[in-house]
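One structure is given below, encoded as C-alpha cells.
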Amino acid sequence: MARETTNQLSSRQPLLEVRNLKTQFFTAEGDVRAVDGISFDVYPGEIVGLVGESGAGKSVAVRSIMRLIEEPGSIVGGEIRFKGDLLVGFEEHATQPTKREAVLSDEVMRRRIRGREIAIIFQDPMESLNPVYSVGSQLEEIIALNRDVDEPTAREIAVEMLGEVGIPEPDQRFSEYPHQFSGGMRQRVLIAMALACEPSLIIADEPTTALDVTVQAQILRLVTDIQQRYDTSFIWVTHDMGVIAEICDRVNVMYLGEIVEQATVDDLFHDTKHPYTESLLGALPRPDTTVDELTPIEGVMPEAIDPPPGCRFHPRCPDAREVCANRRPDIREDPDRQGPPHWTACFKNDAFDVGYWESEPLDGKRTSRGFDAGGGERR
Amino acid sequence: MLQAIPVIVGIVTITFFLTDAIPGDPVQIMLGPSPSAEQAAAIRAKYGLDQPLWIRYINYLGDVSPVWIAPAASFPFFTPEFGVDLGRSLYYQVPVTQKIAERLPVTLLLMVSSFAFALVIAIPLGIISAQRRNEPTDHVSRVVALIGVSTPSFWIGLMLIMIFAFHLDVLPATSLVLPWADPASVDAATSRIDVLVVAGEHLLLPMVSLGTLQMAAITRIERSAMLEQLSEEYVQLARAYGVRERTILSKHAFRPAQLPVITIVGLQLTTAIGGAVLTETVFSINGMGRLIITAINNQDYPLVMGTTLVFGVVFVVGVILTDISYAYIDPRVSYGGDR
Ligand SMILES: Nc1ncnc2c1ncn2[C@@H]1O[C@H](COP(=O)(O)OP(=O)(O)O)[C@@H](O)[C@H]1O
Ligand code: SF4
Ligand SMILES: [Mg+2]
C-alpha cells in the first residue's frame, strides 16, 4: 500500500513538482492573489491531499496545473514540472512575468498532457456532463481522443469502465442522458472518464462535496480500491479532514493562497504544528462533518484580494503574537526532526528566529487556546 | 400538438368578432352609398348577414373546420361535412381559398428565405463574436447587429430599392417570381435554370429587407448563448480532456447554445409576419400581406377572416416546428406527452 512507502519517497523522482506557483485574477475591484506562492510534490502512486476552507485557492491551484485558468485570471509566477516537462515556467527575477522557452506549447499541452497524462474530476457532477449528449457518447469521445483507439473500441472501454465504477447495467445506461443519472451516478461516470484515459495523475477537485454522506463513502472506497489496482497518483482536494484521514498519504493545508503545513497524514493528525491545522482538526467531532459546517475557527477567512499583513492567519489565530502581525512566515522544514519531512509556515516553528516566544500576545482576550496559561507549554 | 386545435379555434373566434367590429357596412361598400332597401336586404340574405351574430359564428366555425356535423332535415338529422370553406370574397368575387392558394406560396417563400438568410449569416457571426469576444470582430458585429435591430425593415427595403434597382439598376424592385413557376409564364425564360435565376434576382432585395432584423436579433442571441456555454463546467471539462477548441465550438458548446436561439426564432415569427406585410407593400409583391390590406380596405369580411386565419395557422405551425426542434436538441424535453 502506498502509505508504507512514504518514507522512501524522497529517494524517488516526483511525478509532479509545483514550485512557488502564483495565480492571480485581475478584477475591477483589484488583483485577487488566489494562489500566492505554493510548492508541493506528488510522487508516483500516492494520494496527496489539498485541504482548506472554501476560497483558500484549492481549485485555482489545481486548475493552474492543467493551465485551465481563464480571463480575468492568469498564472503569474512559479514553475510546474510533470515527468520532466515544464508545464509552467517563469523567469525568477524578471520584473514582468516572462514565460520560459522550454514551456510546453498549448497544442502539446492539449495533445499530450490533458486527459492523457493528467485527468481532472470537477466538484459538481451535475454541471460536468453536457446535457444534450448521451453519457456514453461523451465517454466514448474522450476515450477515443486520449487512448488512440477507434470508436467501437472506445465504446467497449467505456462500457467496461462504467461497470468498473459500479454503474449497474452499463450497456443500457451508456445511451442514456445525464438527466437520467443521479448525482452519485454522474460522479461515477466522471471517475470512469478519468480512469479510462489511464492518466498517471488524477486531480479530484472536491469530487464528493456535492454528494450525500453514504454516496461519498461509497465513492471513497471505490477510489482507494481503484488507486491500489492501477497505481495512479491522485491530488485529492477537499475541505473535509475526515476524507483526508481516510484516503491520503500526504497532506497540504492551504490558507488564503498559501500552503501553511505539509506533512504525512500521520504527522498531520498526531503531531499537528500549525494553529490553523489544529483548528481544522479541533473542528472535527465526527469524521463526516465538513470544515464549513463547524465554526470553532473564529471569524471567516479574509478575501484573497486584500490579505492581512504579516501571517495571513494572525487575525484568527489563537496563538498570534505581535511579531505575527508584522512579519510574514514562509514555509520551512522543522530543523531537528527525524522521519518524513514536515513543513510549517508559523513562527512557532523552531526554524524561525524572529523572537516569537519573546513577543507580546496580540490580543489579551483570547486566552481560550492558552497563551495566558503559558504560550510556551507546547514546546 | 393537439393543443394547436384550441389555439386555432381561438384565432377563428377572435378574428370573427374583431372583423364584425370593423366600423362600416360591407353592403354599403358593395352597393354604393344609397342602395334601395330591397337590394340591401337581398344581399344580406345572400351572404347570411341577416342572421344573429352567434348563428353566423357557429356557421363560420362549421365552414372553416375540416370536419363538421351539420343539421339535416331528415333522419338521422345530421350529416357530416368535410372540407374547408372560407366563403367567397366580396371584393374579388372568387372563393377565398382560391385567392389564398394563389398568394400563400409567395409569402411563405419570402418568409422562409428571409429566415434562411438570417440564420446563415447570424449563426457563424454570433459564434465568431463569442469566440473573439471584445476583439474588433466582435465590436463590428455588435454595431452591425445594433443597426439591424433598430432599423425598420421598410426603410431598409426602400434604401435597397434606391441603391440596387434605381441607381445601380442591377436587381428588380418589384414582385416575386416563384422558382417552381412554369418557364413559359416567366418573361425571357426558356428553361428551369432561367426561372431560378429570375426568381433569385427578384427574391434578393425583399429577403434582405425582411431578414435583416431577424439576422441582427439572432446574432446577438447566438453570441450570448455561446458565451454562456463556453463558461459552462462541461465545456471546461472537455477542454481539460484535450478536446480541440474547434470541436468545442462546433459541437460541445454549439448544440446546447441553439436552444435559446430556437426560442427567439419562434418569437421572431410574429415580427416576421408583420414585416412581410410591410415588405410586400414596399416591393409590390402580391402575397398574403397585400391581400389582407386589400381585404380590410374593402370590408371584405370573408377575406379578412380567411387571411387572418391562415396567418394564425402559419404561426401555430411555426410554434410546433420550434417545439419539435427544441425537443430534438434537448433530451430533457420529450416529444408531446408530459408538458
Ligand atoms: N474567475 C475568478 N475571478 C475572480 N476571482 C476568482 C475567480 N476564480 C476564483 N477566484 C478567487 O480565487 C480565490 C480562490 O478560489 P478557489 O480556488 O475557487 O477556492 P477553493 O477551491 O479553495 O474553494 C477566491 O478568493 C475566489 O474569489
Ligand atoms: S505565525 Fe503567528 S499568527 Fe501565524 S499561525 Fe503561527 S502563531 Fe499564528
Ligand atoms: Mg473549489
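Between chain B and the options A/Arg111, A/Glu141, A/Arg116, heavy-atom pairs under 4.5 Å are most frequent for A/Glu141. Chosen from B/Gln229, B/Gln236, B/Glu232, the residue pairing most often with chain A at heavy-atom distances under 4.5 Å is B/Gln236.
For a residue to count as touching a neighbouring chain, one of its non-hydrogen atoms must lie under 4.5 Å from one of that chain's; by this rule A/Glu70 touches chain B with the side chain only. Only the side chain of A/Arg63 has a heavy atom closer than 4.5 Å to any heavy atom of chain B. Residue contact with chain B, scored on non-hydrogen atoms closer than 4.5 Å, involves the backbone and the side chain of A/Leu68 alike. At a 4.5 Å heavy-atom cutoff, the contact between A/Asn130 and chain B is made by backbone and side-chain atoms alike. With a threshold of 4.5 angstrom between heavy atoms, A/Glu71 does not approach chain B through any atom at all. Using a 4.5 Å cut-off between heavy atoms, A/Met193 contacts chain B through both its backbone and its side chain.
The shortest side-chain heavy-atom distance between A/Leu145 and B/Tyr241 does not fall under the 4.5 Å cut-off.
Under a 4.0 Å N-O distance rule, the pair A/Arg114/B/Glu245 does not qualify as a salt bridge.
Between A/Val132 and B/Asp330, the shortest heavy-atom contact is CG1-CA, 4.4 Å. The two residues B/Glu233 and A/Ser128 make their nearest non-hydrogen contact at CG-OG, 3.8 Å.
Rounding to the nearest 0.5 angstrom, the gap separating the CZ atom in B/Arg239 from the CE atom in A/Met66 is 12.5 Å.
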